[in-house]
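Reviewing the structure listed below.
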Amino acid sequence: MSPAIGGTLNRVDGRFKVRGESRYSAEVPVTNLAHAVIVNAKIASGRITAIDTSEAERAEGVLAVLTHLNLGRVATVPRLLPSLAGLAAPGQTFFPMQDDLVHYGGQPVAVVVADTIERADHAGTLIRIEYETTPATTLLDQARDRAYVPERIFGGLLPGHSSRGDVAKALAEAEVCVDATYRFAPNHHNPIEPSASTAVWEDVDRLTVYDSTQGPNAVQFTLAELLGRPPISIRVVSHAVGGSFGSKAMVWHHPALAALAARHVGRPVRLVLSREQMFTSCGHREEQEQQITLGARADGRITALRHHKLSLTSPFDDWAEPSLQSPSVAYTSPHYEGVYHLVRGNTITPTFTRAPGEATGMFALECAMDELAERIGIDPLELRLRNYSATDPESGKPWSSSGLTECYQRAAELFGWRDRDPRPRSRRDGQWLIGSGMASALYPVTQPVNPQRSRARLYNDGTAVIEAGVSEFGTGVFTAMTQVAADGLGIPVERVRFVGGSSDLPNVTAAVGSAGTSAVGSAVHLAATQLRDELIRRAVADDHSPLRDADPANVEVHDGKMVLRDRPDVGETYADLMHRTFVPDVEVLGTWNPPPQDVGYGVHTFGAQLAEVAVDADLGVVRVRRMVGVFAPGRVLNRKTAHSQLMGGMLWGLGQALLEATRMDPRLGRWANASLGDYLVPVNADAPDVVVDTIEVHDEVVNPLGMKGVGEIGVVGAAAAIANAVYHATGRRQYELPITLEKLL
Amino acid sequence: MKSYQAIRTTPAPDSAVVRGPGEVEVRLRVNGATRTMSVEPRVSLLDALRDRLELTGTKKGCNQGACGACTVWVDRRRVLACLTLAISCENREVATIEGLADGDTLHPMQQAFLDADALQCGYCTPGQIMSAVALLAEGHAGDDIEIREWMSGNVCRCAAYPHIRAAIRRVRDEKGSGDAAR
Ligand code: FES
Ligand code: FES
């Protein structure tokens, strides 16, 4: 690898962002633009009995009011399939405004289009809707008795039930048992950019949608099915996306509603969700409860793990975030049982939320591990080491790479873990009780199923453009791809421009499941290296080249110059060759075929999380004083941006542990705190300094560059480390997130 | 580089003339230039900047005063543009992120954000930077505790906070808080 990879290159899009020049989806200049506003159902279950739009229609500047009576039917509602699959990826198997039924609070019931945003907003308030209300289920507690075990969850990708060995027998024989139930409040992603779609029909069968999404192609394919048009008539552009965290991973209703509204009024239409609508329009982490039973020998060796999850899903889909997957392989446990239980309620289908499943599942497991360590009387870190599994406990196959024990070791050093007095309430700093806790982090390495493509074009001045359809929502992927391309071509990063964010570009999967950078990176790597090889091939075949008749395998490229490996003074630049042969540019399409789902190895990313908290002895206020996270995500393309993402993930864990909860008002069937003032996310004052380090494990199985992803692993285990630290500080176990102060009084 | 210390302008004239509710002509001074537009009095400064003047560097995160993405300066003070009516800013000096750099040369705070990787998605960033520059001028960057407190009106969901603090410290330490704002 050349110096282009690794390192700490500043974000290539950073310059535009600090100047306020990046155009997000609601900011692309469009002439003759009209503004659309969605009106949402105020009830959670029932039927619209009357809808009076006359006053809204008469209001100044209003161009149209659309309801189920005049919107028209969508062609097909595709079934829910995670966007990693590379196909249409609706967030739920339901499209609103097709009939008079209301299935959940906040369901879209009307769209108002006007010439200004203020007028559209105002007209929305003038629509009068009458409902017939039927009883709604919006909390787990209302419907436990109706729980069922689904055959498959997660868009059909995972089984609802799995087991190995005989868990009941193993638990009965266990020398030590920990049995605990953990409850999790619903969480909302709340990216600071609300989702926005700007739809422009250039003519009757050419639609461009500027959309805030993790996958422009997923939006294109979903719109094609909903609108009943071929993909060639739809272009989706996403230049810059203001955060997502899963809220923009699937395709929700607003891009299609914007397109339908634009067609109706014959003008481009911009539809921006309000902050309140962000709580009812793009899924959430569902309310859930997890029961863990750990059986172990007296020395701490785990013999059995039973892990059940109960959660609320929508009337349309069997959705549960896959909380049981990573815990099932975290430690050696010969006997295992994992079961998802679902309850149907009046909600939008829940969706991916950063570290979807692992954030909650590993919380439960890692808190139970802390209890087990205490029960047995050994250090929590030592307990993890005793149960470290060198193979995937599920398949028995070796890990493609791990690094977990190195992560523990390095994190413990950075934190000063060895000096810890294990007794709860053993440290005090004036008013504050001080405690520290730890947890393991695991996240599966997910792979796209379809080929990933990228195009590389080298110009005869030695600069290159690299293209792929991936969007940039804060992951640093444009920066990392610039580096991968520069490395593959053997030219400096300054001579590379990466272009992404459009469905017109070579197709890559939506950047989800921490797989975005590795999927597109593999394609970019192949495109760049194949382009390099093509230039070398031409040089050695050219009579006038100093490299004539050289063995291509003996040619390497530095700074745009192809030279003999053993005689670096012999060679010529790409530019020289291309000028001499009258070639303006050379272009190559790189295609990466992901490995089969069973690669013969266990594939997971590992890490270790440590946290120190201070708890006010009288008031119960918890402050996180410091966090240390060490992860082994395979190859790190850019230390700066990768560490930023890991740090952000860890602070997400802090939010999950202490702050974040969306509260349902069961009387109304609506969220009671749908705003950034009431749904608390970490602010600067909440965020301690965070130490992040990475262990670079070599992995030849996962993809050509050996990357395992950094988008979500930072979240995993962070909340458990904090909860365990709270226990260490106070002597009080925490079984419910978030840990709000009344739980410590 | 532009100064946080804007030119003192005359206070708004106390006028008894009723304007609106239809569209009225509003003149704003934004980043030193006079801009005129026809808007209803209910139009916020944020929507005026973004939708009428195409100054989309100022972001809309909540439209409720809860996230700070829309932070701009009005007469040297940081304000939330989503909670400010455009018409109330007539005869005042409005400064936005687009006016901060000096041509191609970034403001030291912009450069520090870039170098410290104090951004990920970048959507909160213009607001963070407008707050951060003001913070130094206000004298609220003495130590990290102060920075944490006085930057807490700007939510960063990517949670770049430790790096945001590092960027602010760098500008503070390079310049001394007195003239860092310039
Ligand atoms: S948009 Fe003004 S504070 Fe959020
Ligand atoms: S950089 Fe994404 S919200 Fe701050």
Side-chain angles (χ1 to χ4, degrees), chain A residues 8 10-11 13-24 26-27 29 35 60 116-119 189-194 240-245 272 274-275 472-476 640-641 643-645 647-652 654-655 675-677 681-690, chain B residues 22 39-40 42-44 47 50-51 54-67 69 96-98 100-101 106-107 109-111 113-115 117-127 129 144-145 147-165:
Chain A
T8 57
N10 280 347
R11 266 166 219 278
D13 50 344
R15 210 179 158 75
F16 306 103
K17 289 185 170 167
V18 298
R19 294 174 67 100
E21 286 171 353
S22 278
R23 294 277 181 170
Y24 296 79
E27 300 171 348
H35 296 263
E60 190 155 13
T116 70
I117 183 67
E118 294 79 14
R119 287 169 171 171
H189 320 82
N190 276 309
I192 299 302
E193 182 209 19
V241 181
S244 172
F245 317 111
V272 184
S274 68
R275 179 53 55 184
E472 171 62 88
F473 48 97
T475 61
K640 190 181 263 194
T641 56
H643 284 207
S644 285
Q645 233 187 327
M647 174 183 80
M650 290 167 69
L651 293 172
W652 259 66
L654 183 154
S675 80
L676 277 176
V681 300
V683 298
N684 206 313
D686 296 310
D689 284 337
V690 173
Chain B
V39 292
E40 293 168 332
R42 65 179 166 189
V43 171
S44 70
D47 287 329
R50 285 170 62 83
D51 285 350
E54 280 202 1
L55 290 169
T56 55
T58 306
K59 303 302 181 193
K60 186 189 278 190
C62 68
N63 215 25
Q64 294 177 319
C67 75
T96 72
I97 190 75
E98 287 91 344
L100 202 59
L106 296 180
H107 185 281
M109 191 63 78
Q110 291 171 313
Q111 188 64 49
F113 264 62
L114 188 55
D115 293 340
D117 208 34
L119 68 147
Q120 290 176 41
C121 75
Y123 198 78
C124 74
T125 308
I129 291 175
D144 265 31
I145 297 173
I147 297 173
R148 282 168 74 154
E149 207 55 41
W150 288 84
M151 284 300 289
S152 279
N154 291 84
V155 176
C156 177
R157 188 55 161 158
C158 301
Y161 301 122
H163 293 174
I164 291 169
R165 296 198 290 266

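A note on names: the letters A, B, ... follow the listed sequences, proteins ahead of strands, and every chain is numbered from 1.
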Can you tell me which portion of A/Tyr24 sits under 4.5 Å from chain B's heavy atoms? Options are side chain, backbone, both or neither.
side chain
Whether B/Arg157 side chain and A/Phe245 backbone form a donor-acceptor pair below 3.5 Å:
no
Heaviest contributor of heavy-atom pairs below 4.5 Å to chain A, chosen from B/Glu40, B/Glu98, B/Met151, is B/Glu40
Cut-off 4.5 Å, heavy atoms of chain B, and the answer for A/Arg23 is side chain
Okay, A/Asp13 and chain B: the region with an atom under 4.5 Å from a heavy atom over there is neither
Nearest atoms (heavy-atom pairs only) where A/Pro682 meets B/Tyr161
O-OH, 2.7 Å
Counting only heavy atoms closer than 4.5 Å, note whether B/Ile129 contacts chain A via side chain, backbone, both or neither.
side chain
Quick one: does any side-chain atom of B/Gln110 pair with a main-chain N or O of A/Val18 as donor and acceptor, under 3.5 Å?
yes
Looking at A/Arg11, A/Arg275, A/Lys640, which makes the most heavy-atom pairs under 4.5 Å with chain B?
A/Arg11
Compare every heavy atom of B/Pro162 with every heavy atom of A/Asp689, then report the nearest pair and how far apart it is.
OD1-CB, 4.0 Å
Distance from A/Met647 atom CE to B/Gln120 atom CD, nearest 0.5 Å?
6.0 Å
For the residue pair B/Leu114 and A/Arg15, what are the closest heavy atoms and their distance?
CD1-N, 3.8 Å
Let's test your reading of the structure: which of A/Val690, A/Leu654, A/Val681, A/Val272 forms the most heavy-atom pairs below 4.5 Å with chain B?
A/Val681
Counting only heavy atoms closer than 4.5 Å, note whether B/Ile164 contacts chain A via side chain, backbone, both or neither.
side chain
Considering all heavy atoms, the nearest B/Glu54-A/Pro29 contact:
OE2-CB, 3.5 Å
Heavy-atom distances under 4.5 Å only: say whether B/Ser152 touches chain A with side chain, backbone, both or neither.
both
Checking heavy atoms, do the side chain of A/Thr641, its backbone, both or neither come under 4.5 Å from chain B?
both
Max heavy-atom pair count under 4.5 Å with chain A, selected residue of B/Thr125, B/Asp115, B/Ile147, B/Val155:
B/Asp115
Which of the residues B/Glu149, B/Gln111, B/Arg50, B/Met109 is involved in the greatest number of heavy-atom pairs with chain A at under 4.5 angstrom?
B/Arg50
Count the heavy-atom pairs under 4.5 Å between each of B/Cys124, B/Cys158, B/Pro126 and chain A, then report the option with the highest count.
B/Cys158
At what distance, to the nearest 0.5 angstrom, does CZ of A/Arg119 lie from CZ of B/Arg42?
7.0 Å
Any side-chain heavy atom of B/Tyr123 within less than 4.5 Å of one from A/Lys17?
no
By a 4.5 Å heavy-atom criterion (distance strictly below it), what part of A/His35 contacts chain B: side chain, backbone, both, or neither?
side chain
Heavy-atom check, side chain of A/Asn684 versus side chain of B/Asn154, under 4.5 Å:
no
Approximate separation, where rounding is to 0.5 Å, of B/Arg148 CZ and A/Asp686 CG
8.0 Å
Please report the shortest heavy-atom distance between A/Arg19 and B/Ala101, naming the atom on each side.
NH1-CB, 3.7 Å
Step by step, would you call A/Asn10 with B/Asp117 a side-chain hydrogen bond (donor to acceptor under 3.5 Å, both in side chains)?
CA-CA 7 Å; A/Asn10 280 347; B/Asp117 208 34; over 6 Å; no
With a 4.5 angstrom heavy-atom cut-off, could you sort out which part of A/Pro191 is near chain B: side chain, backbone, both or neither?
backbone
Just so I understand: if I count every heavy-atom pair under 4.5 Å between each of B/Gly61, B/Cys62, B/Gly57 and chain A, which residue has the most?
B/Gly61
Rounded to the nearest 0.5 Å, what's the gap from OG1 on A/Thr116 to CG on B/Asp47? Could you check?
9.0 Å
Residue from A/Gly243, A/Gly474, A/Pro688, A/Ala26 scoring the most non-hydrogen pairs under 4.5 Å with chain B is A/Gly474
Closest non-hydrogen atom pair, A/Ser675 against B/Gln64
CB-OE1, 3.5 Å
Residue A/Glu193 versus chain B: region with a heavy atom under 4.5 Å:
both
Cut-off 4.5 Å, heavy atoms of chain B, and the answer for A/Ile117 is side chain
Let's test your reading of the structure: which of A/Ser644, A/Gly242, A/Ser22 forms the most heavy-atom pairs below 4.5 Å with chain B?
A/Ser644
What's the spacing between A/Glu27 CD and B/Asp51 CG if we round to 0.5 Å?
9.5 Å
Atom group of A/Glu472 that falls short of 4.5 Å from chain B, counting heavy atoms:
neither
